[in-house]
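First up is the structure itself, then whatever we jot down about it.
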Protein chains: 2
Amino acid sequence: MKRQGGKKPATLRMVAESAGVDVSTVSRVLNGPPDEVSRAASRETVKAIREWAARLDYRPNPHAKSLRTARSNLIGVLVPRLSDVVLATIYEGIEDAAARHGLATFVMNSHDRPEKQRARTDLALSRRVDGLVLGDAHSDAQLVDEIAARNVPFVLVSRHAGDHPSVTCDDYLGGKLVAEHFLELGHEQVGVIAGEPFASTGIDRTAGFVDRYREAGIDVPVVHSAFDTAGGHRAAEKLLQQGARPTAMFAVNDFAAIGAMGAVRDAGLRPGEDVAVAGFNDIPLAAELPLPLTSVRSPMHEMGKRALEVLVAILGGQEPRSERLAPKLVVRASTRP
Amino acid sequence: MKRQGGKKPATLRMVAESAGVDVSTVSRVLNGPPDEVSRAASRETVKAIREWAARLDYRPNPHAKSLRTARSNLIGVLVPRLSDVVLATIYEGIEDAAARHGLATFVMNSHDRPEKQRARTDLALSRRVDGLVLGDAHSDAQLVDEIAARNVPFVLVSRHAGDHPSVTCDDYLGGKLVAEHFLELGHEQVGVIAGEPFASTGIDRTAGFVDRYREAGIDVPVVHSAFDTAGGHRAAEKLLQQGARPTAMFAVNDFAAIGAMGAVRDAGLRPGEDVAVAGFNDIPLAAELPLPLTSVRSPMHEMGKRALEVLVAILGGQEPRSERLAPKLVVRASTRP
DNA sequence: CGACGCTACCCAAACGTTTGGGGCAATCGT
DNA sequence: ACGATTGCCCCAAACGTTTGGGTAGCGTCG
């Protein structure tokens, strides 16, 4: 019982035989640049070849092509977790742009664990990707340095590390915007839920916030946490138990912010009234929460797209240029008195 | 200025020359089944070959392999949107299982739009995938039938259609569980936010709920909606404006449920007290909401995993067998008086 | 009228595997 | 002692492309 009853896909040779020319001619006509096609065959022959190719539904075999050209047109993408909507959205941007460049991508989760990161890059490399987009760089840049040492073209996205090419949001500025907003509202007791200590996103957002408050002569307590609701919840609990109870909290991630609101409520306080809460990324959910969340919008889709384009530039031999995209504060009820 | 300074990856031939044997021998030793390796070379030769392979860091070239064997070890995955956490989680399950089977996957978004679905499957096919996992089947089964007609091995996940092989949650049962819960709480005026009319998930969940209520002699109004917060919001507004205001609402999707709670609040009512709300899928966020959401837990990760495994079985020539996984009701504050 | 340059092709090698079919000792069965 | 078997290995073709290098025929030019 054979599976695959359909006829095998057409090859260059079949087209060549049908059209009565050599496969090399067909190859040049079908897949060559315009000037090559005109040099390879006469107008009529070109037409005939194209017609036969269409009739036979010819599609170039990517494996043969890759084998011959040593180029896979494949891009490996590494993210901490695809089920994190932030990363998923960035990936959508990458995928869109890749499709536009005739590239295919494949994603892998690293869960921010070094051994997984290493294993997954290895896997990508053994699949012979042309390049990598890394969304899970750690700020110590250790792994990234290793990869760079292997001479694999790559670009970082969302997080930066060392001075490797990256496309990120201006996280420092984002943190600063929140600080300014809080200061305008008159908050003097504030706290930061800073996320994982190895992610440049959390680090920069925190730094921007803290620096701005320091300018105002105020010291800010900082608590690290996981980038999810549970992490935010715990971190907020800690902040609330500290000496001077904060009247406003900045979580470097929307999920952490949601967890923080939960903690505030659990402490018998009203989020948004007793304690203002702001997040980061402005995921679609933020606006739809029972208490709509103030957040810093980061251009996630755009970031993915730009990252892929920077990678394409690198693959094209250009000098890598990092990019930092502008964030935008979106004020909602969670920080409105 | 050459990019790629690193040495080219080792080939079978290099290993063969180093070990002083023929490439065919190396091939059998390195990539053949155990009985073949023992027939191909002596203990010592095997050892020598393995050592050289390791020393040279040999990795088989997947393109050459695929070209020769006409098998790509690639699986294409189609989902409506990867930035939907439900699909992303299912995909994680697929990916995990695929990795365990030595397969690579690549995902694409179809946005539930037929022309995109067609384009994406075409793309996958021209990449010569061995099979497809479809997470975006429409209940009219039109596209799926087309794909089946092309004799491409595939499996549906999350949604079923026609009698094509699929791995789904027992959505009908899930809907029924919610209905029973609502009945126990004494709700007689209820409404369903049913999601998109083309998705078997929404259809079945709704049917299970409605049927159970009908058994109790109660007719239930049903409103369709998008599978997101905005859709849930609008649908809930409609339900609230109807003659007899419902005291409980069942949304076939957690995001829609969150939107519904928003609508309830906007109508000046208290979600969970004036109007109970239940969702479906039990995404991690559900438990962490300010008002924790009652939801039906569907085994998303497991579903992905099983789907991939069914596909592997099909590829292995076995008779396809659909699977329906059990849901579980998780009661939280949003439906507790 | 021979050299030259086009145009429109074809030839063949190469990319790195897998795999069916040998071959040639050494060993075994009788 | 002789043929058959086994253990260990090599040869070569094939998968579907791309690409550097022909070359046959024809028109042009000095």
Side-chain angles (χ1 to χ4, degrees), chain A residues 4 7-50 52-53 56-73 102 126-128 130, chain B residues 4 7-50 52-53 56-73 102 126-128 130:
Chain A
Q4 50 101 75
K7 40 222 142 213
K8 300 261 132 210
T11 71
L12 269 191
R13 174 151 39 167
M14 300 182 198
V15 178
E17 278 166 6
S18 304
V21 298
D22 189 78
V23 308
S24 59
T25 308
V26 180
S27 171
R28 287 186 237 257
V29 167
L30 256 27
N31 306 323
D35 58 314
E36 182 147 348
V37 12
S38 62
R39 231 180 309 109
S42 68
R43 291 213 151 291
E44 303 163 34
T45 316
V46 168
K47 189 155 164 273
I49 290 176
R50 294 232 168 95
W52 275 108
L56 298 177
D57 191 28
Y58 168 76
R59 328 266 193 109
N61 180 315
H63 306 121
K65 182 177 208 141
S66 295
L67 177 57
R68 177 62 230 248
T69 60
R71 241 190 161 256
S72 62
N73 293 316
S126 66
R127 287 264 162 198
R128 300 291 204 274
D130 289 339
Chain B
Q4 51 102 70
K7 39 222 143 216
K8 299 262 130 209
T11 71
L12 269 192
R13 174 153 37 169
M14 299 183 198
V15 178
E17 277 166 6
S18 304
V21 297
D22 188 79
V23 309
S24 60
T25 307
V26 180
S27 171
R28 287 185 238 256
V29 168
L30 257 26
N31 307 322
D35 58 313
E36 182 148 345
V37 12
S38 63
R39 232 179 310 110
S42 68
R43 291 212 151 292
E44 305 163 33
T45 317
V46 168
K47 190 155 164 273
I49 291 176
R50 293 230 168 96
W52 275 107
L56 298 177
D57 190 30
Y58 169 75
R59 329 269 191 104
N61 181 316
H63 306 121
K65 181 178 209 140
S66 296
L67 176 57
R68 177 62 232 248
T69 60
R71 238 188 163 260
S72 62
N73 293 316
S126 64
R127 286 264 163 198
R128 300 293 203 273
D130 289 339

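Naming: A, B, ... by sequence-line order, numbering from 1 per chain.
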Can you tell me how far [atom2] of [N] sits from [atom1] of [X], to the nearest Å?
X       : N      : atom1 : atom2 : value
B:Lys47 : D:dC8  : NZ    : C1'   : 18 Å
B:Asp35 : D:dT6  : CG    : C1'   : 16 Å
B:His63 : C:dG16 : NE2   : P     : 12 Å
A:Glu36 : D:dG20 : CD    : C1'   : 11 Å
B:Glu44 : D:dC9  : CD    : C1'   : 14 Å
A:Leu30 : D:dG16 : CG    : P     : 16 Å
B:Arg28 : D:dC10 : CZ    : C1'   : 9 Å
A:Leu12 : C:dA12 : CG    : C1'   : 15 Å

Heavy atoms from C-beta onward define the side chain here; which of [options] lies closest to that of [X]?
X       : options                : result
B:Asn61 : D:dC10, C:dC9, C:dT17  : C:dT17
B:Ala64 : C:dG16, C:dC9, D:dC11  : C:dG16
B:Asp22 : C:dC15, D:dT17, D:dC11 : D:dC11
B:Ser42 : C:dT17, D:dC9, D:dG16  : D:dC9
A:Asn31 : D:dG16, D:dT17, C:dC10 : D:dT17

Any side-chain N or O of [X] less than 4.0 Å from the OP1 or OP2 oxygen of [N]?
X       : N      : value
B:Arg43 : D:dC8  : no
A:Thr45 : C:dC9  : yes
A:Ser24 : C:dC10 : no
B:Thr25 : D:dC10 : yes

B:His63 backbone acceptor or donor facing B:Ser66 side chain under 3.5 Å:
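Such a contact is absent between B:Ser66 side chain and B:His63 backbone.
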So does B:Met14 get a backbone contact from the side chain of B:Ser18, meaning a donor-acceptor N/O pair under 3.5 Å?
yes
Checklist entry - Any N or O donor-acceptor pair linking the side chain of B:Arg39 to the base of C:dG20 at under 3.5 Å? => result no
Between A:Lys65 and A:Arg13, just flag the one whose closest nucleotide in DNA chain D comes earlier from the 5' side.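 Residue closer to the 5' terminus by nearest nucleotide: A:Arg13.
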Along DNA chain D (nearest heavy atom to each residue), the more 5'-positioned of A:Ala10 and B:Val23:
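The residue whose closest nucleotide sits nearer the 5' end is B:Val23.
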Describe the nucleic acid contact of [X] in one word from base, sugar-phosphate, nothing, applying a heavy-atom distance below 4.0 Å.
X        : value
B:Arg128 : nothing
B:Ser27  : base
A:Ala70  : nothing
A:Arg71  : nothing

Margin query: Both A:Val46 and B:Pro60 contact DNA chain C. Taking the nearest nucleotide for each, which residue is further toward the 5' end?
Written below: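 The residue whose closest nucleotide sits nearer the 5' end is A:Val46.
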Requested in this report: Could you tell me whether the side chain of B:Arg39 reaches within less than 4.5 Å of the side chain of B:Arg28, counting heavy atoms only?
Outcome: no
**Message:** Could you go through A:Arg127 and A:Ser72, starting from their C-alpha distance and side-chain angles, then the distance that decides it, and tell me whether this counts as side-chain contact (heavy atoms from CB on, under 4.5 Å)?
**Reply:** CA-CA 9 Å; A:Arg127 287 264 162 198; A:Ser72 62; over 6 Å; no
Exercise. Under the side-chain contact (heavy atoms from CB on, under 4.5 Å) criterion, do A:Thr11 and A:Asn61 qualify, and how do the steps go?
Worked result: CA-CA 8 Å; A:Thr11 71; A:Asn61 180 315; over 6 Å; no
